[in-house]
Every structure is written in C-alpha cells, then in structure tokens.
Amino acid sequence: ACGPGELVVPDPPLPPDSNRRRQIVARLMIDHKKLIREQGHKSFRDILLAVTRDPAMLIYLDNRENRAGKPQENYAREVMELFSLGVGNYTEQDVREIARALTGEIVNPQCSFNFPYDYVFFAPFHDTGTKNIFPPSTPVNNGSLPDTEDVINLIVDRISGNTSISAAHATIPATALHMAWKFINWFVHEDIAIDDPAVAELGTIFYAVSSNGFRYDVRETLRALFKSQLFYDTTYRYKMYKRPADFVVTALRNLDLEETSYANIAPGAMELMGMGLFQPPNVAGWNHGRAWINATSLVVRFNYADRLSTPAIMTNAYIDGLIGTTEITSTNDNAGMKEYFRARLIQTALRPEEDTILDAFLAGVIGYRAKIRGLAHIFMTLPRYQLK
C-alpha cells in the first residue's frame, strides 16, 4: 500500500489481464452503489463531495487525469449541469476554474495490490493558483491543499439570479431548486416544470432543513414531499410510466415472488427492456416517461410476465397457498381471483374493458391453477399496469 500523496508506479508495468479488469470494474461499481445507499439519504452536500472523490466517478468522468497546466473539464461541467446547479446557473469560465480547483483529485492505480484504484489527493498535480469561481465570490486558493471542499460549498450555496429559469432563482440556491425539481419529477410526475411553485416550496425546505448541523438533508426533504398534498394529488395517479426496474421488481414483490431466481431473471429482463443495471447510456442516465414504452420493450415486458406465471415460478404450492385468503374462497371463485390480483397489481377499481377481458379469459379456462397463472400474466400486460 502507499501513503497519502504518494503515487506508486509499478516497475515493470503489470501485463494486461481481462479477468483483473472485470474484477476492478465490479469492485468500483459495488463501492459506488454502497456509497449511494449509505449516504444518499443524508446531507446532499456530503454526498456531492463523496461522489466527487469516488474512484468510479474519478475514472468515469476523467478527473483522475485532471492536473495543473492540463485541466480536464468533464467532471467540473457535469457536477454542475447534472448533479447540482442545472444548466443556466454557471458559465464556461466557472467550468474552467472549477476544473483547476479539482486538480490532484485522482485515483492511484497501484495504491493497493489487493485492490488497485483507490482515491488519493496527489499534491504535485494540484493547481495552486487562485481560482475565481462564481465571481464576485471570494477567490479560492488554499495553496497546496485541495480546493474541493470549497468548490462544493460554493456550488450548494450558489444563488444564480437567473430568473429566466424561474423567479425563485433570484433568492433560493440553484442546487436546492434543481434537486427539488428532480425529486418531484422522479416521485410525482416527469412533466412538472422547474418554475412550478411546488419546486420553489420544496427547494426552500431542502436548503433550510438540516441534519447534524448541515443543510440539504435528503431524508427530511423527501419526508416533506411524501407528506405533501402534491404527492397524493389524484391528478398524478397512474400518470407515470413504469421504468423497467419498476416493472420487474414491483411484480416480484407484489406477488411475493422475491425468492425466484432473482439474481438471474430480474437483471436480464431489465437489460432486455433497455435498463441494464450499472449500464446507463451516458452520464445523464436513462430517459424516462414514454421512452420506456415501445413495440420492442412491451414484448419483453409481456414475455417477462409470462415467465413469472409459469409453473416453475408460480408453483402449485404457491397457488394452493392462495386458497383460504379473504379474497378467494374456493377454486371456482372467479370474482375472488380477479380481486386478489386487482388489489395486488392495480389497486384501483377495474375498468369495464378490463373486466371484459378478464371475464372472457376465465370463462374459457378450466382449472384453478391455470386461471391463477393466466390472470397473473394478463394483469401484467394490461395498459394500466405499465403505469404507476
């Protein structure tokens, strides 16, 4: 292992090894996911700092190549455009200055021979000159020390004054507004505009609420959103398209099928639907909304529903366990069977056209187990089941 600020280069260089490469990539992604799971509900400011120094991100957005005299601007741009402020709240000069401030934040490919690619701040690569970020703010210059924490603090406190985006940008930090907008678009509806009053209200809460002395408490902000009238507004009920992860995982959980080859069936199905785990198409991630529903992806969804309803997964024992519930009173209780799946998969009342489809199916099938498996499949292919 190497010490802080020490860059170790192997001599001779390690030969190419595809298996070692796969192991390194897997470890990087596992650690990145662990970081998000462990810190994602805490201080957003701390998350932003941790992600900035996360080895997977340092490699993905090239900040490991960022050094004095040769600034690499990829991460400096994306940390503002996608991860915090949003477009229109920074300038190209800010990108250049922040890139200079983030020099020296790299990974050391030989810091550990058990697991290479650990984060390290390498002082000789750091640009020690003054950086003028978001002028006329106080110039950033900590000499030989990393400027990264100063940069993150400036970003999360930045009030851009860009009222062409929304009036709230004149008084509320852009990061609070941009992230509040993302929360609302993810949990309520994809088409709520950033100048909607709800965004300003949630952004104010996000910036004001604190945990352990820090602003930007994610957990408390989401708590406020989930208790709001907006979240329960029937206008937005069944208006969002299920993403592949929504479709796959909720089906398993709603049908109590979590134990069925989860490590094989679910990720493979999501990838065929266009959402391979840990494989976003670009740094912005996947598009959402109507983009998930097309002729190809629907066939994959319906095939996945068909597979879940096969005897190998929806076993005889599983089906027999449904008898005796409050919904199903006997093997001939067609109405109870419909109600069982309606309550689990649709929640709201069936529409007349849905009832017609289901009744026609039940009338033409003999055998309780065949009916149960068929109903599970049909419910998951209904247009409304593609929504949430």
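A heavy-atom distance below 4.5 Å is not found between the side chains of L358 and F341. Looking at heavy atoms from C-beta onward, F278 lies out of side-chain contact with H32 at the 4.5 angstrom threshold. Residues F122 and I106 have side chains in contact (heavy-atom distance under 4.5 Å, counting atoms from C-beta outward). Annotation: side chain of L85 is in contact with side chain of F134 (closest heavy-atom distance under 4.5 Å). Within the 4.5 Å cutoff, side-chain heavy atoms of T175 are placed close to those of F44. At least one side-chain heavy atom of R22 sits under 4.5 Å from a side-chain heavy atom of N19.
With salt bridges taken as basic N to acidic carboxylate O contacts below 4.0 Å, none links K239 and D191. Salt-bridge annotation for E73 and R77: present, with a side-chain N of the basic residue lying under 4.0 Å from a carboxylate O of the acidic one. A salt bridge is defined here as a Lys NZ or Arg NE, NH1 or NH2 lying under 4.0 Å from an Asp or Glu carboxylate O, and D31 with K34 fails to meet this definition. A salt bridge links D256 with R344: at least one charged nitrogen is closer than 4.0 Å to a carboxylate oxygen. The residues D147 and K131 are annotated as salt-bridged, a charged nitrogen and a carboxylate oxygen being separated by less than 4.0 angstrom.
Atom CD of residue E78 and atom CG of residue D62 lie 10.5 Å apart, to the nearest 0.5 angstrom. A distance of 9.5 Å separates CD1 in I36 from NZ in K33, rounded to the nearest 0.5 Å. In this structure, I372 CD1 and I319 CD1 are separated by 6.5 Å, a value rounded to the nearest 0.5 Å. One finds the CD1 atom of I133 at 5.0 Å from the CD1 atom of I98 (value rounded to the nearest 0.5 Å). Rounded to the nearest 0.5 angstrom, L277 CG and Q279 CD are separated by 8.0 Å.
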Passes side chain to side chain contact (heavy atoms under 4.5 Å, CB included), Y318 versus L255? Steps please. CA-CA 10 Å; Y318 167 83; L255 294 172; 3.8 Å; yes

What's the verdict on salt bridge (Lys or Arg N to Asp or Glu O under 4.0 Å) for R67 and D127, showing C-alpha distance, side-chain angles and the deciding distance? CA-CA 7 Å; R67 58 197 63 188; D127 182 335; over 6 Å; no

For T148 and L49, what are the C-alpha separation, side-chain angles and deciding distance, and is it a side chain to side chain contact (heavy atoms under 4.5 Å, CB included)? CA-CA 8 Å; T148 306; L49 178 60; 3.7 Å; yes

When you look at I47 and V218, which way does the side chain to side chain contact (heavy atoms under 4.5 Å, CB included) test go after all the steps? CA-CA 10 Å; I47 299 166; V218 175; 4.1 Å; yes

Before giving the answer on side-chain hydrogen bond (donor to acceptor under 3.5 Å, both in side chains), spell out for Y207 and D157 the whole-Å C-alpha distance, their side-chain angles and the decisive distance to 0.1 Å. CA-CA 9 Å; Y207 187 66; D157 288 335; 2.9 Å; yes

Worked check of side chain to side chain contact (heavy atoms under 4.5 Å, CB included) between I159 and I172: CA-CA 6 Å; I159 297 177; I172 302 172; over 6 Å; no

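Nearest heavy-atom pair, T130 versus R100, reported as atom, atom and distance to 0.1 Å: O-NH1, 3.1 Å. When all heavy atoms are compared, the tightest approach of M380 to A305 is CB-CB, 3.6 Å. Contact record, M270 with A245: SD-CA, 3.5 Å, taken as the closest heavy-atom pair. V199 approaches L177 most closely through the heavy-atom pair CG1-O, 3.5 Å. What you find for A370 and I366 is that their closest heavy atoms are CB-O, 3.9 Å. Scanning all heavy atoms of the two residues, the minimum distance from L252 to Y304 falls at CG-OH, 3.5 Å.
At least one donor-acceptor pair closer than 3.5 Å links the side chain of D94 to the backbone N or O of T91. In this structure, T234 contributes its side chain and R237 its backbone to no donor-acceptor pair below 3.5 Å. With hydrogens and angles disregarded, no donor-acceptor distance shorter than 3.5 Å links the side chain of H288 to the backbone of M240. A donor-acceptor distance shorter than 3.5 angstrom exists from the side chain of Y60 to the backbone of V283, with no hydrogens or angles considered. Counting only distance, with no hydrogens or angles, the side chain of E201 and the backbone of G203 share no donor-acceptor pair below 3.5 Å. Side chain of K242 to main chain of Y385: a donor-acceptor pair is present (N/O by atom type, distance under 3.5 Å, no hydrogens or angles). When atom types are taken as modelled, the side chain of D306 and the backbone of F302 share no donor-acceptor pair closer than 3.5 angstrom. Side-chain atoms of D54 never come within 3.5 Å of backbone atoms of A50 as a donor-acceptor pair (strictly under, hydrogens ignored). T315 places no side-chain N or O within donor-acceptor distance of the main-chain N or O of A312, the cut-off being under 3.5 Å. Side chain of K371 to backbone of T331: no donor-acceptor contact under 3.5 angstrom is found.
N254 and T250 share no side-chain donor-acceptor pair at under 3.5 Å. At a cut-off of 3.5 Å, with distance as the only test, no side-chain donor of N332 or S330 sits close to an acceptor on the other residue. Side-chain contact check for S297 and N294: at least one donor-acceptor pair (N or O, by modelled atom type) lies under 3.5 Å. Defined by atom type and a distance below 3.5 Å, a donor-acceptor pair is present between the side-chain atoms of N63 and N66. With 3.5 Å as the limit, one finds no donor-acceptor pair spanning the side chains of N89 and H178. Side-chain atoms of R384 and T348 form a donor-acceptor pair, as typed in the model, at a separation below 3.5 Å. A side-chain donor-acceptor contact under 3.5 Å links E105 and Y119.
In this pair, Y236 and H189 present their aromatic rings tilted. The plane angle is within the 30 to 60° band.
Between F187 and the options W181, F231, F226, a ring pair (Phe, Tyr, Trp, His ring centres under 6.0 Å) holds for only F226.
A cation-pi arrangement is not found for R45 relative to Y216, the charged atom failing to lie both closer than 6.0 Å to the ring centre and inside a 45° cone about the ring normal. The cationic group of K388 does not satisfy the cation-pi geometry with Y238, failing either the under 6.0 Å distance to the six-membered ring centre or the 45° limit from the ring axis. Note that R301 lies outside the cation-pi zone of W292, set by a 6.0 Å cut-off to the ring centre and a 45° limit from the axis.
The side chain to side chain donor-acceptor pair (under 3.5 Å) test applied to Y75 returns T52, not counting sequence neighbours.
The aromatic ring centroids of F121 and H126 lie less than 6.0 Å from each other.
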